[in-house]
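A short worksheet on the structure shown next.
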Amino acid sequence: LQLDAGTPGTLGVNGALSFDTAALALRKIQEALAGGTVDRLDLSGVSYGDSAGLACVLAIAAEAAHRGQALQVVGMPAGMRVLAQVCEVDRLVA
């Protein structure tokens, strides 16, 4: 799992966002967002995402909202998007 902060205001996530990587991803993304300069989480580089990956994204979005930080989630892989719809949480990461 790699994070890319090369685009101002955007944090890119690359690699698998799964049971194996979700805990580490959560910590890394939280650290990257702590500065408050990121308003967009780009998941277009995520090659695979499962329910743990979705939970990670939901936790990040909830934490940002709690801090009053607007965070737009873009590029969610199709499988994660469908899972979010099935679980009826897609509006939380739209």
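Residues: numbered from 1 along the sequence shown. These values consider heavy atoms only, across backbone and side chains, with no hydrogens, waters or symmetry-generated copies.
Under the 3.5 Å distance criterion, the side-chain polar atoms of Gln69 are matched with a main-chain donor or acceptor of Val38. The backbone N or O of Met76 sits less than 3.5 Å from a side-chain atom of Arg81, completing a donor-acceptor pair. A donor-acceptor distance shorter than 3.5 angstrom exists from the side chain of Asp50 to the backbone of Phe19, with no hydrogens or angles considered.
For Cys56 against Ala22, the heavy-atom pair with the smallest separation is SG-O, 3.9 Å. For the residue pair Ala16 and Thr21, the shortest heavy atom distance occurs at O-OG1, 2.8 Å. Heavy atoms only, all atoms of each residue included: Ala32 and Leu3 are closest at CB-CD1, 4.4 Å.
Side-chain contact between Leu71 and Asp39: absent, with no pair of heavy atoms (C-beta onward) separated by less than 4.5 Å. Side-chain atoms of Leu43 and Val74, non-hydrogen and from C-beta on, never get closer than 4.5 Å to each other.
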* To do: Please step through side-chain contact (heavy atoms from CB on, under 4.5 Å) for the pair Ile60 and Gln30, ending with a clear verdict.
  => CA-CA 7 Å; Ile60 293 298; Gln30 285 172 327; 3.7 Å; yes
* Give the C-alpha distance, both sets of side-chain angles, the deciding distance and a yes or no for side-chain contact (heavy atoms from CB on, under 4.5 Å) between Leu1 and Asn14. => CA-CA 6 Å; Leu1 181 80; Asn14 301 299; over 6 Å; no
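To the nearest 0.5 Å, atom OG1 of residue Thr7 and atom CG of residue Leu11 are 10.0 Å apart. Rounding to the nearest 0.5 angstrom, the gap separating the CG atom in Leu54 from the CE atom in Met80 is 5.0 Å.
For Arg27 and Glu31, the salt-bridge test fails: no basic side-chain N is under 4.0 Å from an acidic carboxylate O.
Under 3.5 Å, the side chains of Asp42 and Ser44 contain a donor-acceptor pair of N or O atoms.
Between Leu41 and the options Val13, Val93, Thr10, a side-chain contact (heavy atoms from CB on, under 4.5 Å) holds for only Val13.
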